[in-house]
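Bear in mind that the values here come from a model prediction, so they are computed numbers and not experimental data. Remember, it's 1-based here, ligands and their atoms both numbered in the order they're listed.
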Amino acid sequence: MFLKIYGARGSIPVSGTAYTKYGGNTTCLYIENSAGNSIIVDAGSGIRDLGPFLIKNEKFDLTLIFTHYHWDHIQGFPFFGPAYFKNTVMTIYGPTRESNARKTLSYQMTKPYFPTISLNDMPARFVFKELKSNQKINRLTVRAIFNNHPNETRGLKFIENGKAIVSLSDNELAAPKKQTNYIKFVQFVKNADVMIHDAAYTDDTYKTHVGWGHSTFAQVVQLARDGGVQRVIFTHHDHTSSDQFIDNQVKRIADSNPDIRVEAAFEGMEISI
Ligand SMILES: [Zn+2]
Ligand SMILES: [Zn+2]
């Protein structure tokens, strides 16, 4: 499996000299299985930069999975180049309890939010499917867990040839009202080769954001430890977190957890397992 990060920012895109190392685009991950099939997770503003790569490499058979429909996970979709090619076939998975992907993407492209073109006008062919707890997608086993986050949100585990990548964003491990208990997350991440997890807060800043749906750096590394995960990648960086701030957090956590590889997601980060 191959994974590349196209957006690692939470809530709203940011720009400026304080954000050049980790990037300012909101959530988008790109995964390829060993046969080169493409799976995209979320359509934050980062998906705009993924478009030219897919077009250049003539990858028009695409799978897009939405973890949930908050703005920072859908706002890049109208600017995703392959959606404007008529030979693109996009199979789109997402939660269905409160809304569904077709309804959400249509709505964000209605007037007065978006000019000229609607979802129906886009030349690509879209096939909408429900995201289930355990299914095969493009020869990968894809497991989905309910995250602790306002509105239905799914965490994902991708498994191929005995290797696993977990992506848990957005997720509040210590949420006062839980969809999923901590022990279930421990089981979900168990022995994953890589765990990418929302880490928006420090222990201090979390105190004023309890119930907002995000975790702290320390909670995430503890989950890795409890689940036997050796490599942790913090993501969904708070929109106020500068490069310097994120560097400091990674160093602080890495220093106190020398047996676990600790990193922060940045645009362009590539992982092969
Ligand atoms: Zn988010
Ligand atoms: Zn969210």
Side-chain angles (χ1 to χ4, degrees), residues 3 5-15 19 22-31 40-50 64-80 92-101 103-105 107-108 113 131 144-157 166-180 185 188 195-202 205-206 208-217 219-220 223 232-241 245-246 249 264-267 269:
L3 181 144
I5 287 169
Y6 280 85
R9 191 64 56 175
S11 305
I12 188 168
V14 293
S15 68
Y19 309 104
Y22 295 100
N25 279 311
T26 55
T27 302
C28 179
L29 306 180
Y30 176 68
I31 294 171
I40 303 153
V41 179
D42 285 335
S45 64
I47 201 172
R48 191 190 64 92
D49 290 336
L50 172 59
L64 172 58
I65 302 175
F66 285 100
T67 59
H68 64 308
Y69 306 119
H70 286 161
W71 275 3
D72 50 326
H73 299 253
I74 64 169
Q75 65 200 162
F77 186 82
F79 303 92
F80 183 44
I92 301 180
Y93 293 83
T96 53
R97 289 185 176 184
E98 295 169 312
S99 183
N100 59 51
K103 207 166 141 186
T104 308
L105 296 176
Y107 194 62
Q108 79 162 342
Y113 304 113
L131 180 61
I145 193 170
F146 286 96
N147 285 0
N148 295 325
H149 195 62
N151 306 113
E152 184 187 357
T153 303
R154 295 303 201 103
L156 300 166
K157 187 174 194 176
V166 166
S167 174
L168 285 168
S169 185
D170 308 7
N171 188 37
E172 183 173 359
L173 289 164
K177 280 189 199 157
K178 289 185 176 60
Q179 281 284 325
T180 300
F185 287 114
F188 190 75
M195 180 179 85
I196 303 165
H197 198 299
D198 164 348
Y201 305 128
T202 63
T205 57
Y206 180 63
T208 51
H209 296 87
V210 173
W212 286 40
H214 304 286
S215 296
T216 71
F217 298 96
Q219 290 162 355
V220 171
L223 175 64
V232 180
I233 298 172
F234 299 130
T235 193
H236 208 274
H237 309 310
D238 191 82
H239 58 96
T240 62
S241 296
F245 176 84
I246 297 168
Q249 299 310 316
F266 60 89
E267 283 170 33
M269 184 182 214

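- The Zn ion (ligand 1) has no N, O or S atom of H68 closer than 2.8 Å.
- In this structure, H68 and H70 have perpendicular ring planes: the angle between them is above 60°, well past the 30° mark.
- At a cut-off of 2.8 Å, H70 does not coordinate the Zn ion (ligand 1) through any N, O or S atom.
- Judged by distance alone, the side chains of E267 and Y19 never bring a donor and an acceptor atom under 3.5 Å apart.
- Taking the Zn ion (ligand 2) as reference, the nearest N/O/S atom within D170 carries the name OD2.
- One N or O on the side chain of Y69 and one on the backbone of P95 form a donor-acceptor pair closer than 3.5 Å.
- The Zn ion (ligand 2) has no N, O or S atom of D72 closer than 2.8 Å.
- Atom CG of L223 is separated from atom CG of L173 by 5.5 Å, given to the nearest 0.5 angstrom.
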